[in-house]
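Working notes, beginning with the structure itself.
Residue numbers start at 1 and run along the sequence shown.
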Amino acid sequence: NFRTLTTPDPVQFTCLAVDSSGEIVCAGALDPFQIFVWSLQTGRLVDVLSGHEGPIACLDFSKDSGLLASGSWDG
């Protein structure tokens with residue numbers, strides 16, 4: 001099966017991470033400086049995380065706890 005993951009406005013993504021269960025996918029954006037979170041079961045955007053002051057450079061989920069770590073050009 002394929003899912004089309006969309007955002008409210010066009011965005012250029014710089015990185016991607018999938019949690020260990022394969023249920024959540026996150027993508028970091030070049031501009032705006034946000035992280036988009038989708039459910040792979042439904043294909044729906046479930047959250048948009050903000051707080052970085054530069055483009056998102058990397059994302060990774062913790063294997064044990066499912067926490068998401070993000071790195072950005074803002075240092």
Side-chain angles (χ1 to χ4, degrees):
N1 293 338
F2 291 91
R3 295 261 187 232
T4 300
L5 306 176
T6 61
T7 59
D9 297 305
V11 176
Q12 183 177 357
F13 294 116
T14 56
C15 52
L16 184 75
V18 180
D19 76 334
S20 60
S21 71
E23 294 180 13
I24 299 293
V25 63
C26 297
L30 184 63
D31 185 20
F33 312 136
Q34 297 174 324
I35 299 167
F36 295 83
V37 182
W38 294 271
S39 164
L40 283 180
Q41 289 182 334
T42 65
R44 295 186 63 182
L45 182 65
V46 295
D47 206 351
V48 179
L49 309 175
S50 59
H52 281 292
E53 297 177 0
I56 311 303
C58 56
L59 295 171
D60 198 13
F61 278 97
S62 164
K63 302 283 188 256
D64 298 333
S65 65
L67 292 176
L68 177 67
S70 63
S72 171
W73 294 0
D74 59 10

Once you round to the nearest 0.5 Å, how far does CG of Asp47 lie from OG of Ser39? 12.5 Å
What is the distance from atom CG of Leu59 to atom SG of Cys15, rounded to the nearest 0.5 Å?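 Interatomic distance, Leu59 CG to Cys15 SG, rounded to 0.5 Å: 3.5 Å.
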I'd like to know if the side chain of Ser72 and the backbone of Ala57 have a donor-acceptor N/O pair within less than 3.5 Å.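 The answer is no, because no donor-acceptor pair under 3.5 Å joins these two groups.
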Same cluster for [X] and [Y] if Ile/Leu/Val/Met/Phe/Trp/Tyr side chains link at under 4.5 Å?
{"X": "Val48", "Y": "Val46", "answer": "no"}
{"X": "Ile56", "Y": "Leu30", "answer": "no"}
{"X": "Val18", "Y": "Val37", "answer": "no"}

Can you give me the closest heavy-atom contact between Lys63 and Ser20, atom names plus distance?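 Looking at all heavy atoms of both residues, the shortest contact is O-OG, 4.1 Å.
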List the atom of Cys26, the atom of Trp38, and the distance in Å for their closest heavy-atom pair.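 For Cys26 versus Trp38, the nearest heavy atoms are C-CZ3, 4.5 Å.
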Side chain to side chain contact (heavy atoms under 4.5 Å, CB included), paired with Phe36, selected from Thr6, Leu49, Leu16, Leu45: Leu45
So if I apply the side chain to side chain contact (heavy atoms under 4.5 Å, CB included) rule between Phe61 and each of Val25, Leu67, Ile24, which one comes out positive? Ile24
Leu5 vs Leu40, side-chain contact (heavy atoms from CB on, under 4.5 Å): CA-CA, chis, key distance, verdict: CA-CA 9 Å; Leu5 306 176; Leu40 283 180; 4.2 Å; yes
side-chain contact (heavy atoms from CB on, under 4.5 Å) between Phe33 and Asp74: does it pass, once the steps are laid out? CA-CA 10 Å; Phe33 312 136; Asp74 59 10; over 6 Å; no
With side-chain contact (heavy atoms from CB on, under 4.5 Å) as the test, would you mind laying out the steps for Trp73 and Thr14 before giving the verdict? CA-CA 11 Å; Trp73 294 0; Thr14 56; 5.9 Å; no
Checking side-chain polar atoms at under 3.5 Å, does Asp19 have a donor or acceptor matched by the opposite partner on Ser21? yes
